[in-house]
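Each remark here refers to the structure printed beneath this line.
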Amino acid sequence: MYGTPVLGVGEVRVVGAQILTPEQVRTAAAVEPELPLARVDLDEVGDRVRKLPPVDRVVVSRSWPSAVVIEVVERTAVAAVPARDGQFVLIDDEGVPFRAVPAAPKGLPLARLSTPGAGDENTGSALTVLAALSDELREQLVAISVPSPVQIRLELREGRVVIWGDDTKSERKSTVATVLLKQDGDEIDVSAVKVVTIR
């Protein structure tokens, strides 16, 4: 089992890849052909595949007599960040940028962030607000702009704007802003949630 190529790797099977191609996953996995299957270090293979930006989770297993199976779960985009080169960078619910695309996917809000990333304070504020939005606000949302953590602003359809302020009390702000959507006015200010205004 440990020394003969008879039970060596003859196939690297990739499951779950949609953004990535199976070949991209196999290349990253770098499993040596015909290496005895029992000697394949599954943890090392997983670590190599996990370095691919679109990969959120990966499980690597043996399928006797001759296959290594790599199951990947790719990241899911929650927003598209406009980039300087005209492309859009997709970020997941942890703020991880994982893919650049030429056009923002339909139905995905824009996030106007200068330096998107998992450790970026503005990105974290944007994600907190996005997670708190009601279905009605999410349906109306075109973009969220976060030049600083205390200057969050929602851009809605038909030119309407919600001034959010910071990301504190976001669920309460979402509830209030949703009610005010039914009122006339282009600008809803819920930054001080106890004293809301509509203009």
Side-chain angles (χ1 to χ4, degrees), residues 1-83 85-111 113 115-135 138-139 141 143-144 146 167 170:
M1 290 179 65
Y2 282 86
T4 175
V6 173
L7 294 178
V9 176
E11 177 189 8
V12 177
R13 192 180 311 147
V14 178
V15 179
Q18 295 179 337
I19 297 171
L20 295 164
T21 66
E23 191 54 41
Q24 286 174 313
V25 176
R26 289 188 194 100
T27 299
V31 178
E32 184 182 337
E34 298 187 3
L35 178 71
L37 193 58
R39 288 174 51 195
V40 175
D41 189 323
L42 303 183
D43 290 337
E44 282 189 6
V45 173
D47 288 344
R48 289 194 290 266
V49 173
R50 205 171 286 112
K51 290 178 182 177
L52 294 168
V55 173
D56 186 15
R57 299 185 304 279
V58 60
V59 176
V60 184
S61 59
R62 298 177 181 89
S63 179
W64 297 98
S66 60
V68 172
V69 180
I70 302 173
E71 300 177 68
V72 296
V73 177
E74 294 175 332
R75 299 182 186 279
T76 300
V78 298
V81 181
D85 60 3
Q87 291 197 312
F88 295 83
V89 176
L90 305 185
I91 60 172
D92 70 357
D93 60 0
E94 296 178 347
V96 176
F98 65 92
R99 187 183 184 194
V101 293
K106 187 176 181 181
L108 201 63
L110 297 180
L113 302 163
T115 54
D120 176 60
E121 191 175 10
N122 292 351
T123 302
S125 293
L127 294 173
T128 298
V129 173
L130 287 173
L133 295 183
S134 65
D135 291 341
R138 190 174 298 278
E139 184 180 341
L141 183 65
I144 181 169
V146 190
D167 64 9
S170 281

message = Would Phe98 and Ile19 count as a side-chain contact (heavy atoms from CB on, under 4.5 Å) here? Give the steps.
response = CA-CA 10 Å; Phe98 65 92; Ile19 297 171; 3.7 Å; yes
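The heavy-atom pair separating Thr21 from Gln24 by the smallest distance is N-OE1, 2.8 Å. Counting all heavy atoms, side chain and backbone alike, Ala30 lies closest to Arg48 at O-NH2, 3.6 Å. Taking each heavy atom of Leu127 and Gly95 in turn, the nearest pair found is CD1-N, 3.3 Å. Contact detail for Val146 and Ser125: the closest heavy-atom pair is CG1-CB, 4.3 Å. Of all the heavy atoms in Ala104 and Ala80, the pair that sits closest is CB-CB, 4.2 Å. Closest approach of Ala67 to Arg13, counting heavy atoms only: CB-NH2, 3.6 Å.
For Asp120, the side-chain contact (heavy atoms from CB on, under 4.5 Å) partners are Thr115, Asn122, Thr123, not counting sequence neighbours.
Rounding to the nearest 0.5 Å places OG of Ser170 at 9.5 Å from CG of Leu130. To the nearest 0.5 Å, the span separating CD on Glu139 from CG on Leu133 amounts to 12.5 Å. One finds the CD1 atom of Ile91 at 11.5 Å from the CZ atom of Arg75 (value rounded to the nearest 0.5 Å). Atom-to-atom distance recorded for Ile144:CD1 and Leu113:CG is 8.0 Å, nearest 0.5 angstrom. Taken from CD in Glu11 to CZ in Arg26, the straight-line distance is 7.5 Å, to the nearest 0.5 Å.
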What pairs of donor and acceptor atoms, side-chain ones from residues 55-63 against any protein atom, are under 3.5 angstrom apart with sequence neighbours left out?
| unit_1 | atom_1 | unit_2 | atom_2 | d |
| --- | --- | --- | --- | --- |
| Arg62 | NE | Leu37 | O | 2.8 |
| Arg62 | NH2 | Ala38 | O | 3.3 |
| Arg62 | NH2 | Val40 | O | 2.7 |

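Ion pair Asp135/Arg138 not flagged as a salt bridge, since none of the NZ, NE, NH1 or NH2 atoms sits closer than 4.0 Å to an Asp/Glu carboxylate oxygen.
The one candidate from Leu108, Val81, Leu110 that meets the side-chain contact (heavy atoms from CB on, under 4.5 Å) condition with Phe88 is Leu110.
With contacts defined as side-chain heavy-atom distances shorter than 4.5 Å, the pair Leu20/Val72 does not qualify. Residues Val12 and Val25 fail the side-chain proximity criterion, which asks for heavy atoms closer than 4.5 Å.
No more than 12 heavy atoms of other residues, nucleotides or ligands lie within 6.0 Å of CD in Glu121, so this atom counts as exposed by the packing criterion.
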